[in-house]
Participant: 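Could you have a look at this structure, given as structure tokens, before my questions?
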2 protein chains.
Amino acid sequence: MSTVRLLLADDHPIVRAGLRAVLEGEPDFEVVAEAPTAERAVALAGELDVDVVLMDLQFGSGMGGTQATATITARSGAPRVLVLTTYDTDVDILAAIEAGATGYLLKDTPPDELADAVRTAAAGRSALGPEIAQRLMDRVRRPTEALSLREIEVLQLVAEGLSNQQISERLFLSQATVKSHLVHVYAKLGVDSRTAAVATATARGLIRR
Amino acid sequence: MSTVRLLLADDHPIVRAGLRAVLEGEPDFEVVAEAPTAERAVALAGELDVDVVLMDLQFGSGMGGTQATATITARSGAPRVLVLTTYDTDVDILAAIEAGATGYLLKDTPPDELADAVRTAAAGRSALGPEIAQRLMDRVRRPTEALSLREIEVLQLVAEGLSNQQISERLFLSQATVKSHLVHVYAKLGVDSRTAAVATATARGLIRR
DNA sequence: GGCCGCATCCATCGAAAGGTTGAGGTGGCC
DNA sequence: GGCCACCTCAACCTTTCGATGGATGCGGCC
């Protein structure tokens with residue numbers, strides 16, 4: 001088995017040090033570089049001979065990890081990108097996969113599972129953490145839970161602090177219609193109040209914050 | 001200078017490895033143990049001879065870092081607790097200080113600053129990251145706009161979708177008290193409903209999520 | 001064509017949750 | 001002592017919210 005050449009992209013020095021410590025314990029891994037920003041990760045992935053990029057999604061400023069993933073994987077002969085982040089919201093996961101990520105893991109993954117995932121990704125097979133796989137299963141299993149465009153539109157305004165009255169004016173609807181949309185939202189999200197709906201919707205990344 | 005004995009409390013193995021790697025580079029530091037849960041951190045802080053606990057606030061499940069901090073620092077001869085987390089919202093910061101934390105740093109702190117902060121904490125002096133210090137300065141500069149700890153606590157639960165009834169049960173208060181806090185929050189934030197309060201509070205980074 | 005599911009839209013109504021007012025107790029600070 | 005901010009609570013009132021029920025139009029499917 002040949003050695004896997006790695007690039008670590010994370011804005012936290014501590015996390016980079018942790019990844020390095022964990023991964024360099026594996027004889028078949030070699031960390032060739034670290035990137036503290038998404039831009040730097042894109043540049044290094046192009047310059048160096050890298051097999052797998054470990055990519056965080058949240059960077060303090062500048063380009064995000066998702067966009068960096070898309071940019072890197074768009075090139076021919078590009079390395080695999082294994083997303084390694086803290087959050088498991090639907091938006092993040094779907095966007096990352098859409099952007100061409102080969103895998104998606106959470107940062108609380110045990111070191112040995114992480115190493116396995118890196119090898120899987122290096123081989124070109126998709127590597128998803130168990131929680132992530134579960135989320136994707138849930139999505140395809142219950143497609144009815146998806147909110148309609150109009151429902152999301154209303155819910156977004158609720159999250160911005162508007163009352164039903166204000167929302168109805170903004171969208172040229174009657175209050176009754178606004179309430180109707182919200183009732184459907186509650187049913188789909190399994191909650192029974194506007195604040196709870198906003199909470200779970202943001203947790204799932206359904207609406208903007 | 002005597003050596004500083006450290007306990008690392010974080011649910012992410014990778015972060016623990018990173019902290020260990022960074023801190024063991026310092027000749028005057030010794031990592032005596034790691035804790036993957038808040039409960040374990042409390043136990044180890046009591047059993048072992050520890051000078052400083054590096055404490056995360058978010059643990060996947062069970063006790064939170066804030067409560068663990070309070071429990072640890074309540075004992076006599078307790079170690080100093082240095083909070084090391086990702087978020088710099090007012091809730092987290094104030095609650096941690098209230099719980100007896102000696103310092104508060106963000107995880108993107110450079111290794112050398114981290115080492116300095118650990119020494120400062122070990123000496124019993126408070127160690128705050130620059131962003132944290134700035135937030136606290138802003139609070140004292142504009143005291144009328146600042147929310148009290150209790151108000152933020154209530155507002156945080158509102159943002160998580162709880163009703164006044166649920167909040168009162170969670171905090172062992174009457175509903176009247178919860179409403180009273182919220183009225184003050186509305187006045188300070190210049191809004192007139194719970195959802196609007198959540199919206200502006202999150203925009204200002206007063207609460208999490 | 002006829003049926004069904006779904007999204008969008010609307011009216012009515014009762015109740016509960018939320019918001020207002022007022023007020024007491026504590027502790028810090030000048 | 002006097003002032004102020006914070007935390008706590010009770011009782012009242014009302015507005016908003018959520019529940020219920022129903023209408024329309026569109027698209028897919030048998």
Side-chain angles (χ1 to χ4, degrees), chain A residues 139 141-201 206-207, chain B residues 70 90-91 93-95 97-99 136 138-201 206-207:
Chain A
R139 272 195 77 87
R141 202 188 311 272
R142 292 176 297 180
T144 55
E145 289 188 1
L147 301 186
S148 74
L149 175 62
R150 201 58 163 170
E151 287 161 356
I152 289 185
E153 218 173 335
V154 171
L155 186 55
Q156 178 68 47
L157 294 178
V158 171
E160 291 173 13
L162 304 196
S163 68
N164 289 348
Q165 170 68 34
Q166 293 170 309
I167 294 172
S168 70
E169 291 169 1
R170 185 83 73 88
L171 298 181
F172 304 103
L173 295 175
S174 96
Q175 292 188 49
T177 307
V178 174
K179 293 177 184 179
S180 181
H181 287 310
L182 286 179
V183 167
H184 296 150
V185 169
Y186 301 156
K188 289 178 180 177
L189 295 183
V191 299
D192 56 357
S193 78
R194 58 204 294 108
T195 47
V198 170
T200 72
L206 269 43
I207 56 177
Chain B
D90 284 21
V91 227
I93 299 171
L94 293 177
I97 293 176
E98 183 82 4
L136 291 180
D138 289 348
R139 278 189 69 88
V140 298
R141 203 184 311 273
R142 290 176 298 178
T144 53
E145 294 182 8
L147 301 187
S148 74
L149 176 61
R150 202 58 163 167
E151 287 161 355
I152 290 185
E153 223 173 328
V154 170
L155 186 55
Q156 177 69 49
L157 293 178
V158 171
E160 290 172 13
L162 303 198
S163 68
N164 289 348
Q165 170 68 33
Q166 294 170 310
I167 294 171
S168 70
E169 291 168 3
R170 183 83 73 91
L171 299 181
F172 304 105
L173 295 175
S174 91
Q175 291 190 49
T177 306
V178 174
K179 294 178 183 179
S180 180
H181 286 309
L182 286 178
V183 167
H184 298 148
V185 169
Y186 301 158
K188 288 178 179 176
L189 295 183
V191 299
D192 56 359
S193 78
R194 58 204 293 108
T195 47
V198 169
T200 73
L206 270 40
I207 56 178

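In what follows, chains carry the letters A, B, and so on, assigned in the order in which the sequence lines appear, proteins first and then strands, with residues in each chain numbered from 1. Computed from a predicted structure; not experimentally measured.
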Participant: Does B:Lys188 place a side-chain N or O at less than 4.0 Å from the phosphate oxygens OP1/OP2 of D:dC6?
Facilitator: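 So the side chain of B:Lys188 is within the cut-off, an N or O lying under 4.0 Å from OP1 or OP2 of D:dC6.
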
Participant: Partners of B:Ala95 by side-chain contact (heavy atoms from CB on, under 4.5 Å), sequence neighbours excluded?
Facilitator: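 side-chain contact (heavy atoms from CB on, under 4.5 Å) list for B:Ala95, sorted by chain: B:Thr66.
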
Participant: Are there any protein N/O atoms within less than 3.5 Å of an N/O atom in nucleotides 25-29 of chain D, and if so, which ones and at what distance?
Facilitator:
none

Participant: Please name the pair of heavy atoms, one in A:Leu189 and one in A:Ala197, separated by the smallest distance, quoted to 0.1 Å.
Facilitator: CD1-O, 3.7 Å

Participant: Please identify each residue that fulfils side chain to side chain donor-acceptor pair (under 3.5 Å) with A:Arg170, with sequence neighbours left out.
Facilitator: none

Participant: Mind checking side chain to side chain donor-acceptor pair (under 3.5 Å) for A:Thr195 and listing every partner two or more places apart, or none if nothing turns up?
Facilitator: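 With neighbours one apart ignored, the set is A:Ser193.
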
Participant: Nearest 0.5 Å, please: how far is CG in B:Leu155 from CD1 in B:Ile207?
Facilitator: 4.5 Å

Participant: Report the end-to-end axis angle of the helix from C:dG1-D:dC30 to C:dC30-D:dG1; each axis comes from five terminal pairs, and the value is rounded to 10°.
Facilitator: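 What I find for the helix from C:dG1-D:dC30 to C:dC30-D:dG1 is an axis angle of 40°.
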
Participant: Could you give the CG-to-P distance, from B:Leu147 to D:dA5, as a whole number of Å?
Facilitator: 15 Å

Participant: Could you check whether any side-chain heavy atom of A:Leu182 comes within less than 4.5 Å of a side-chain heavy atom of A:Val158, counting everything from C-beta outward?
Facilitator: yes

Participant: B:Glu151: which residues meet the side chain to side chain donor-acceptor pair (under 3.5 Å) condition with it, sequence neighbours left out?
Facilitator: B:Ser148, B:Lys188

Participant: Run the salt bridge (Lys or Arg N to Asp or Glu O under 4.0 Å) test against B:Arg150 and tell me which residues pass, sequence neighbours left out.
Facilitator: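 Checked B:Arg150 against salt bridge (Lys or Arg N to Asp or Glu O under 4.0 Å); matches are B:Glu153.
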
Participant: Can you name the residues that form a side chain to side chain donor-acceptor pair (under 3.5 Å) with B:Gln165, not counting sequence neighbours?
Facilitator: B:Glu169, B:Gln175

Participant: Enter the distance from B:Lys179:NZ to B:Ile167:CD1 here, rounded to the nearest 0.5 Å.
Facilitator: 11.5 Å

Participant: At under 4.0 Å between heavy atoms, which parts of nucleotides 8-30 of chain C does protein reach? Answer with one letter per nucleotide, 5' to 3': B base, S sugar-phosphate only, - none.
Facilitator: BBBB------BBB----------

